[in-house]
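Read the structure below first, then the notes.
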Amino acid sequence: MMNCTAARARLDDWLDDALDASQTADLDRHLALCRNCARLFQSHRALESDLLQLGRAADRIAVATTAAAPRRAAPRRNRLLPRILRIAAAIAIVAAAAWTMRGWPSKPGEPVVPIAKTPARQLKNDALESVRLASAPRVEMVEADGRERWIVPIASSNPRITIVWAYDAGSVGDARRRTAQ
Amino acid sequence: MARGSTEPSQAEPRDAALTLLHGRLVRLAVRLIWNRDDAEEIVQEAFRLSLANGPPADDPRGAAWLWRTVCNHCLNHRRRRRAEPLDAWLDSPAADDPRAAMTRAEELTRLRGALETLPAQQRLALVLRCMEQLDYVRVAEIMDLSESAVRAHVHLGRRRLAELLAEDRP
């Protein structure tokens, strides 16, 4: 009759299915009588089964393509809200820019001195145009191509160069009215 | 003969064998590190090393070298990406009993965690023997150990794993 020590010495062979028929029969007889050994053997058998199942899970992970991986359903995101926020932000930026440009070229009440000698040849188009002048310390009105223009100085890192924007006087009539007061 | 000069008729079975080997190595790497992208990277690196200075991958010695290299890289791997959650990959997800499926996933995740706490040799021996289902001779060849040493590692690993899980059980 096999004792517990002898039975447990065969645990690995039993798990590996490496026992012959007579050894298996001896072991089975012992396990039928010894509850502790039976519990130990069954727990190890369950552990082997779990390891196998873990291995099968790894196989599925290994063969799955990234796109086919059965991810858990991600929490549904509200896709509409970010889009609305983005549109609102764009409208706010455009409105702020328009508000900022509304008061240009000068603060209300600030006098504007027209200088007729400003080089008109650099203002070829009616549209907004960037030109460089030797000196344009402030907003000025000039004659160019037979039309009035507002010259708006823009900050420049080079003190010898002033970058200005030329506006068609009609498009900033509001500013003109204010500055003419 | 240069490696790249194989005739097409010989290259096809060789390519098929290498593809098969690549698949097995990726599976092995996933069993050790549980992330497919990391596993792919490790296997590719092993093949690169094999081409650079290892034995040819298409002969048995080279295959063992590749297995051993992948095992060593996986054991030295410092995790960059998280381990794949197991719940989506288990047998029969038991859609009708989500609680049972969740419990099973938790049990196996605990087992995976316990496995990762084992000493490297025990862990590798258990993965190769119990998950990869290789025989002791092959495991010994891959681990570059004697068969009896592998048996000892498997025995100690099984015992330690059972103890860890018993401690962890509520």
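In the text below, chain A, chain B and the rest are named by the order of the sequence lines, each starting its count at 1.
In this structure, the portion of R159(B) lying under 4.5 Å from any heavy atom of chain A is its backbone and not its side chain. Looking at Q133(B), the atoms closer than 4.5 Å to chain A (heavy atoms on both sides) all sit in the side chain, from C-beta outward. No part of L28(B) comes within reach of chain A, as not one of its non-hydrogen atoms sits under 4.5 angstrom from that chain.
For the set V30(B), L115(B), V26(B), the entry with the most heavy-atom pairs within less than 4.5 Å of chain A is V30(B).
Once rounded to the nearest 0.5 Å, the distance linking SG of C71(B) with CG of N76(B) reads 11.0 Å.
Counting heavy atoms from C-beta on, the side chains of H30(A) and F41(A) never come closer than 4.5 Å.
Salt bridge R129(B)/D135(B): absent, no basic N to carboxylate O contact under 4.0 Å.
Sorted pairs that involve residues 1-10 of chain A and meet side chain to side chain donor-acceptor pair (under 3.5 Å), not counting sequence neighbours, are lacking altogether.
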